[in-house]
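In what follows, chains are A, B, ... by sequence order, proteins preceding strands, each numbered from 1.
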Protein chains: 2
Amino acid sequence: MPEDRLSTTLSALADPTRRAILARLSLGEASVGELAEPFEMSLPAVSKHLKVLERAGLISRGREAQWRPCRLEAAPLRDVNSWLDSYRGFWEEKFDRLDAYLQELQKVDPDAETN
Amino acid sequence: MPEDRLSTTLSALADPTRRAILARLSLGEASVGELAEPFEMSLPAVSKHLKVLERAGLISRGREAQWRPCRLEAAPLRDVNSWLDSYRGFWEEKFDRLDAYLQELQKVDPDAETN
DNA sequence: TTTCTAAAAAACCTTTCAGTTAAATAACCT
DNA sequence: AGGTTATTTAACTGAAAGGTTTTTTAGAAA
């Protein structure tokens, strides 16, 4: 199973704990212990989540004494965005149709739904 | 386990088969059989993938005789985009830094890497 | 050297996931 | 009714995910 990069990235992102970790890292580097602190799970569990994020390239790690500071990496997020971009037209069009529909409703019956 | 919506959406997207199905649907409605055709897996397997996409709200299904046409739904993709948006600044900044660095390299040694 | 702290690895368990084949539904077509 | 077509459901399997506790590793500090 040669799992493709985008799948690896998306499945890494499909976990609230991991997304919370990324959110924390968007504020700056942090050690494993610091990252684990807000969660009720064990430290090894957090360590595993970090490994998943690292395999996906979403974070990288340094070495500083006995700490291994983590930092957010931009590339995979940019890749998700590029993939998503090909659907942007689609959802914008949907939005436009909805908008037009609502405008049409107003024209036909200006007082409807105006509570 | 009250799985949150974004996690459900992302894990639905974290599969190449399911993304291929969405790509096909971005071209227009299709039946289960039509969607299954390009894949080497069994029809029930595709049916399961569709169920995952449906649970995530990424597709919806109609009824037309013995066919159940699927169509792409925009909302969850828009939601992923919104979430991603909060990181956009981050990766753009990274890109800018890289760009600045490359410009700096050129200034210092205009002939370097110009093969 | 011993001891403390930060983190990772190992071993294990339970649940979920992605696929299979075989059987059941449902709607159409004689 | 009986048969064909489209799709879902059921029952099963193997592998991966996400957690646990216990054991190692690695460096700092004594």
Side-chain angles (χ1 to χ4, degrees), chain A residues 1-22 24-25 28-72 76, chain B residues 1-25 28-72:
Chain A
M1 294 101 192
E3 187 78 63
D4 62 294
R5 275 196 80 64
L6 189 52
S7 296
T8 303
T9 301
L10 288 168
S11 83
L13 295 175
D15 181 290
T17 301
R18 289 193 290 260
R19 288 198 307 277
I21 290 174
L22 294 184
R24 165 65 187 78
L25 288 177
E29 285 195 8
S31 71
V32 177
E34 287 168 341
L35 290 172
E37 201 270 319
F39 302 104
E40 277 182 345
M41 66 186 75
S42 69
L43 225 120
V46 173
S47 190
K48 280 189 182 184
H49 280 302
L50 292 173
K51 190 149 58 181
V52 172
L53 290 170
E54 191 177 25
R55 276 201 58 237
L58 283 159
I59 67 171
S60 61
R61 314 210 222 185
R63 303 239 152 166
E64 209 168 304
Q66 64 267 60
W67 290 272
R68 248 130 288 185
C70 303
R71 67 181 156 289
L72 186 54
Chain B
M1 298 103 190
E3 187 78 64
D4 62 294
R5 275 197 80 64
L6 188 53
S7 295
T8 303
T9 303
L10 288 168
S11 83
L13 295 175
D15 180 289
T17 302
R18 288 193 289 260
R19 290 198 305 280
I21 289 173
L22 294 184
R24 166 63 185 79
L25 287 177
E29 286 195 8
S31 70
V32 177
E34 286 167 342
L35 290 171
E37 200 268 319
F39 302 106
E40 277 180 346
M41 67 186 73
S42 69
L43 226 121
V46 172
S47 189
K48 281 189 180 181
H49 280 301
L50 292 173
K51 189 148 57 182
V52 171
L53 291 170
E54 191 177 25
R55 278 201 56 237
L58 284 159
I59 67 171
S60 61
R61 315 210 222 186
R63 303 237 153 169
E64 210 169 304
Q66 64 267 61
W67 290 273
R68 248 132 288 185
C70 303
R71 64 180 159 288
L72 187 54

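Proximity note for A:Trp67 (side chain, C-beta onward) versus C:dG19, C:dA11, C:dA6: the nearest is C:dA6. When distances run from any side-chain atom of B:Lys48 to the nucleotides C:dA8, C:dA18, D:dT8, the shortest one goes to C:dA18. Of the candidates D:dT8, D:dT20, D:dG27, the closest approach to any side-chain atom of A:Ala65 belongs to D:dG27. Comparing C:dA7, D:dA6, D:dA28 against the side chain of B:Gln66 picks out D:dA6 as the nearest. Proximity note for A:Pro44 (side chain, C-beta onward) versus D:dT7, D:dT22, C:dA7: the nearest is D:dT22.
To the nearest 0.5 Å, atoms CZ (B:Arg24) and CD (B:Glu29) are separated by 10.0 Å. Taken from CG in A:Asp15 to OG in B:Ser11, the straight-line distance is 10.0 Å, to the nearest 0.5 Å.
At whole-Å resolution of the value, CD in B:Glu37 and C1' in D:dT7 are 17 Å apart. Separating the CZ atom of A:Arg55 from the P atom of C:dA9 is a distance of 14 Å, rounded to the nearest angstrom. Distance A:Arg68 CZ to D:dA26 P: 9 Å, rounded to the nearest Å. Separating the CG atom of B:Leu43 from the C1' atom of C:dA23 is a distance of 15 Å, rounded to the nearest angstrom. Rounded to an integer number of Å, the gap from A:Leu10 CG to D:dA17 P is 14 Å. The interatomic distance linking B:Arg18 (CZ) with C:dA18 (C1') rounds to 9 Å, in whole Å. Rounding to whole angstrom units, CD of residue A:Glu3 and P of D:dA15 are separated by 16 Å.
In this structure, B:Ser42 does not reach the C:dG19 phosphate: none of its side-chain N or O atoms is under 4.0 Å from OP1 or OP2. Distances shown here put every side-chain N or O of B:Ser47 at or beyond 4.0 Å from the OP1 or OP2 atom of D:dT7. Between A:His49 and D:dG19 there is a side-chain polar atom (N or O) within less than 4.0 angstrom of OP1 or OP2. Using a 4.0 Å cut-off, no side-chain N or O of A:Arg61 falls inside it from OP1 or OP2 of C:dA7.
Both A:Glu64 and A:Thr17 sit near DNA chain D, but only A:Thr17 has its closest nucleotide nearer the 5' end. Both A:Ala45 and B:Gly33 lie near DNA chain D, and the one whose nearest nucleotide falls closer to the 5' end is B:Gly33.
Within the nucleic acid shown, A:Arg63 has no heavy atom closer than 4.0 Å to any nucleic acid atom. Within 4.0 Å (heavy atoms only), B:Lys51 reaches sugar-phosphate atoms of the nucleic acid but no base atom. The residue A:Ser11 sits apart from the nucleic acid: no heavy atom pair falls under 4.0 Å.
Between the A:Glu37 side chain and the A:Glu34 main chain, no donor and acceptor come within less than 3.5 Å of each other.
Around atom CZ of A:Arg71, more than 12 heavy atoms belonging to other residues, nucleotides or ligands sit under 6.0 Å away.
In this structure, the side chains of B:Arg19 and B:Leu53 stay at 4.5 Å or more apart for every pair of heavy atoms. Proximity of B:Leu58 to B:Leu13: side-chain heavy atoms (C-beta onward) are separated by under 4.5 Å at one or more points.
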